Amino acid sequence: MSEVPNAPRHGPQYDDRHIHDRHIHDREPHVAPEGPLHLIARSAWQAVLLAGIAAFVLGVLVLVWPGASLLAAGVLFGLYLLFSGVLQLVAAFGTHVATSLRVMAFISGALSILLGLFCFRGPMQSTLLLALWIGIGWLFRGITQTLAAASDPTVPARGWQIFLGIVSFLAGIVLIVSPFTSVAVLTLVGGCWLIAVGVTEIITAFVIRGRAKHIPAVV
């Protein structure tokens, strides 16, 4: 009697092969999924490293090309004024508020758009307007911070608050009186500050990387 083709084979050879395959499957290493804490720690140092490199490169570019940096800052400032002015005009015509608030929003928006367009007349205009804007902001901030700290004895670090308020007030006056020279110096200081921040974040990234290695992969 001939053997039926493709019939299942039962015997010692078949059983040994089945047991051997099962042992191989049992010996395969089981890879545990990566835990959320380990994943965050592994990606955190990469994000800090990228931020540090970006700050360092930007600081170098500011120091190498301060004129171009001022021009770029002026253009961005002009775009900001245009965008904020449009938003204020939309708020003035599209919200149900009091008439006085709508008028103030309209005037503020129109003035922001005019100042933004003034920035695009040339690099000198944008630099001048940016310096005056920063100077006026520092001036009012210094006055507010000094008066708030001087009038409230319970303010934490009251002496430092008054000192910082006076420094901000004087820096605002310097920017208003001598805008071009002050902004040029401020650009150099900003470039050095960006380089310092970049180096600090790069070092911090490698410290985070070293500590992340001690976190279990399944945590």
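The model shown is predicted, which means the values in this text are computed figures rather than measured ones. Excluded from the calculations below are hydrogen atoms, water molecules and symmetry mates; all remaining heavy atoms, backbone and side chain alike, are included.
For Ser151 against Pro153, the heavy-atom pair with the smallest separation is O-CD, 3.7 Å. Closest of all the heavy-atom pairs between Val62 and Ser69 is CA-OG, 3.3 Å. Of all the heavy atoms in Thr146 and Gly142, the pair that sits closest is OG1-O, 2.7 Å. For the residue pair Gln88 and Ser112, the shortest heavy atom distance occurs at NE2-OG, 3.7 Å.
Leu111 and Leu87 fall into different hydrophobic clusters, defined by Ile, Leu, Val, Met, Phe, Trp and Tyr side-chain heavy atoms under 4.5 Å apart, directly or through other members. In the hydrophobic clustering of this structure, Phe83 does not group with Tyr80; members are Ile, Leu, Val, Met, Phe, Trp, Tyr whose side-chain heavy atoms approach within less than 4.5 Å, directly or through other members. Hydrophobic clustering, with ILVMFWY side chains joined whenever heavy atoms are under 4.5 angstrom apart, keeps Val57 apart from Leu50. In this structure, Phe163 is not a member of the same hydrophobic cluster as Ile166, with clusters built from ILVMFWY side-chain heavy atoms closer than 4.5 Å. Under the 4.5 Å side-chain heavy-atom criterion for ILVMFWY residues, no single connected hydrophobic cluster contains both Ile107 and Met104.
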Would you list the atom pairs, donor with acceptor, under 3.5 Å between side chains in residues 168-178 and any protein atom, with sequence neighbours excluded?
unit_1: Ser168; atom_1: OG; unit_2: Leu164; atom_2: O; d: 3.0

For residues 189-202, run the donor-acceptor check on the side chains, cut-off 3.5 Å, and write out each pair with its distance to 0.1 Å, sequence neighbours left out.
unit_1: Thr200; atom_1: OG1; unit_2: Ala196; atom_2: O; d: 2.8
unit_1: Glu201; atom_1: OE1; unit_2: Gly52; atom_2: N; d: 3.1

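You'll find the side chain of Phe118 stays beyond 4.5 Å of the side chain of Leu114, heavy atoms only. A 4.5 Å side-chain heavy-atom check between Val86 and Leu82 finds every atom pair outside the cut-off.
For the side chain to side chain contact (heavy atoms under 4.5 Å, CB included) test, no residue two or more places apart in sequence or in another chain qualifies with Thr144. For Trp138, there are no ring-ring contact (aromatic ring centres under 6.0 Å, His included) partners at least two apart in sequence or on another chain. Residues satisfying the ring-ring contact (aromatic ring centres under 6.0 Å, His included) test with Phe140, not counting sequence neighbours, are none. Under the side chain to side chain contact (heavy atoms under 4.5 Å, CB included) criterion, Leu81 pairs with Phe77, Leu115, Cys119, Leu129, Trp133, not counting sequence neighbours.
A side-chain contact (heavy atoms from CB on, under 4.5 Å) with Leu130 holds for exactly one of Thr127, Leu128, Ile134; it is Ile134.
Put simply, CG on Leu71 and CG on Leu76 are 9.5 Å apart, with the number rounded to the nearest 0.5 Å.
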